[in-house]
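Below you'll find the structure, written out as structure tokens, and then a few comments.
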Amino acid sequence: MVDTKHTHEPGQKCIVCDQGIEALQAKEKEHIAKYGWYVHFVEQGHPCGINAHTHHLKESYNHLDFQIVLPINIDTIHKILCNLVDRVKEGEVFEANDDVYKIISDYPVRLISAQECDRKVLRVILPDSNGSFDPKDMSSSFRSQYED
């Protein structure tokens, strides 16, 4: 069941507001047929203020979906997720606690186990400006990536 209650920034284009939930579902089916997966950008329901996550990787590639909860540019989030999915399509298998290189230039990202609604996902943790993944050492905005 899809929750049709949602919020977004004023002026932000929203397919559900513009065209209805059926249009969103049709777009999701189109993306699955064309790419094997799709992504949702949800700007509520997480301490970071965003919950971007993939869908359908398990069905298409027998791999856990990915999630990013850091409030950064949506285009950047999409590029990170595309880079990870492209590597899954090439046969790589990622697991919790993996550090993955060459996703964002030469910077590593860390994958941790997380829950997105009722499903297990791999949350992509981005290091803070000092390169730290340790929540004890990270700035608070980056530390919130570990929160549920």
Side-chain angles (χ1 to χ4, degrees), residues 1-128 131 133 135 138 141-148:
M1 180 172 191
V2 177
D3 180 5
T4 58
K5 295 178 183 175
H6 63 281
T7 61
H8 47 81
E9 295 296 318
Q12 180 182 20
K13 186 172 181 172
C14 172
I15 192 169
V16 175
C17 293
D18 289 348
Q19 302 169 28
I21 193 71
E22 295 81 15
L24 174 65
Q25 292 168 336
K27 187 65 114 176
E28 290 168 355
K29 286 181 184 178
E30 176 187 322
H31 279 251
I32 290 169
K34 188 172 184 177
Y35 305 108
W37 65 287
Y38 63 95
V39 64
H40 277 162
F41 294 95
V42 181
E43 293 184 349
Q44 60 185 10
H46 193 274
C48 283
I50 192 163
N51 175 3
H53 51 273
T54 62
H55 283 273
H56 219 264
L57 292 182
K58 189 72 161 174
E59 297 82 354
S60 294
Y61 307 104
N62 196 30
H63 198 284
L64 289 175
D65 281 296
F66 297 104
Q67 176 190 49
I68 296 177
V69 297
L70 191 63
I72 57 176
N73 178 284
I74 287 176
D75 290 334
T76 302
I77 290 173
H78 192 253
K79 286 176 187 173
I80 292 168
L81 293 173
C82 285
N83 287 342
L84 285 163
V85 173
D86 284 348
R87 289 176 58 174
V88 167
K89 288 178 176 182
E90 292 171 0
E92 279 190 73
V93 177
F94 299 108
E95 297 180 1
N97 302 315
D98 283 351
D99 286 346
V100 185
Y101 292 82
K102 303 226 184 249
I103 296 297
I104 307 170
S105 197
D106 289 330
Y107 298 98
V109 299
R110 179 164 292 161
L111 302 175
I112 64 169
S113 182
Q115 286 289 126
E116 196 285 313
C117 292
D118 62 345
R119 58 197 191 111
K120 186 178 177 182
V121 296
L122 293 173
R123 182 173 297 161
V124 181
I125 303 294
L126 281 70
D128 68 6
F133 286 110
M138 294 175 106
S141 60
F142 281 84
R143 187 178 319 117
S144 62
Q145 294 177 94
Y146 286 96
E147 298 174 17
D148 284 319

Work out which heavy atom in Val124 is nearest to a heavy atom in Leu84; give both atom names and the distance.
-> CG2-CD1, 3.5 Å
Enter the distance from Ile125:CD1 to Arg143:CZ here, rounded to the nearest 0.5 Å.
-> 12.5 Å
Do other residues, nucleotides or ligands put more than 12 heavy atoms under 6.0 Å from Tyr107 OH?
-> no
Roughly how far apart are Ser141 OG and Asp128 CG, rounded to 0.5 Å?
-> 8.0 Å
Identify the two heavy atoms, one from Asp106 and one from Tyr101, that lie closest to each other, and give their separation to 0.1 Å.
-> O-CD2, 4.1 Å
Is the backbone of Val100 close enough, under 3.5 Å, to the side chain of Asp98 for a donor and an acceptor to pair up by distance?
-> no
Verify whether one side chain among Gln115 and Asp148 offers a donor that lies under 3.5 Å from an acceptor in the other.
-> no
Could you check Ile80 against Ile72 for side-chain contact (heavy atoms from CB on, under 4.5 Å), going step by step and ending with a plain yes or no?
-> CA-CA 11 Å; Ile80 292 168; Ile72 57 176; 4.3 Å; yes
For the salt bridge (charged side-chain N to carboxylate O under 4.0 Å, His left out) test, which of Arg119, Arg123, Lys58, Lys120 pairs with Asp65?
-> Arg119
Does the side chain of His40 come under 3.5 Å of the side chain of Glu28 through a donor N or O and an acceptor N or O?
-> yes
So how far is it from Ile50 CD1 to Ile68 CD1, rounded to the nearest 0.5 Å?
-> 9.0 Å
Nearest heavy-atom approach of Ile112 to Ala96 is C-CB, 4.1 Å
Under a 4.5 Å cut-off applied to non-hydrogen side-chain atoms, are Ile32 and Glu59 in contact?
-> no
How long is the gap from CG on Asn97 to OG on Ser113, to the nearest 0.5 Å?
-> 8.5 Å
Specify whether Tyr38 and His55 have parallel, tilted or perpendicular ring planes, treating 30° as the upper limit for parallel and 60° as the lower limit for perpendicular.
-> parallel
List the atom of Leu126, the atom of Phe142, and the distance in Å for their closest heavy-atom pair.
-> O-CD2, 3.5 Å
Of all heavy-atom pairs between Trp37 and Val85, which one has the smallest distance, and what is that distance?
-> NE1-CG1, 3.3 Å
Can you name the one residue among Val121, Thr54, Val39 that meets side chain to side chain contact (heavy atoms under 4.5 Å, CB included) with Gln67?
-> Val121
Tightest non-hydrogen contact, residues Pro108 and Pro127, listed as O-CD, 3.4 Å
Before giving the answer on side-chain contact (heavy atoms from CB on, under 4.5 Å), spell out for Met138 and Gln145 the whole-Å C-alpha distance, their side-chain angles and the decisive distance to 0.1 Å.
-> CA-CA 10 Å; Met138 294 175 106; Gln145 294 177 94; 3.8 Å; yes
Worked verdict on Val109 versus Asp99 for side-chain contact (heavy atoms from CB on, under 4.5 Å) = CA-CA 6 Å; Val109 299; Asp99 286 346; over 6 Å; no
CG (Asp86) and CD (Glu92) are apart, to the nearest 0.5 Å, by 10.5 Å
Take Leu122 and His63 through the test side-chain contact (heavy atoms from CB on, under 4.5 Å) and record every step on the way to the result.
-> CA-CA 10 Å; Leu122 293 173; His63 198 284; 3.8 Å; yes
Minimum side-chain heavy-atom gap Tyr35-His56 below 4.5 Å | no
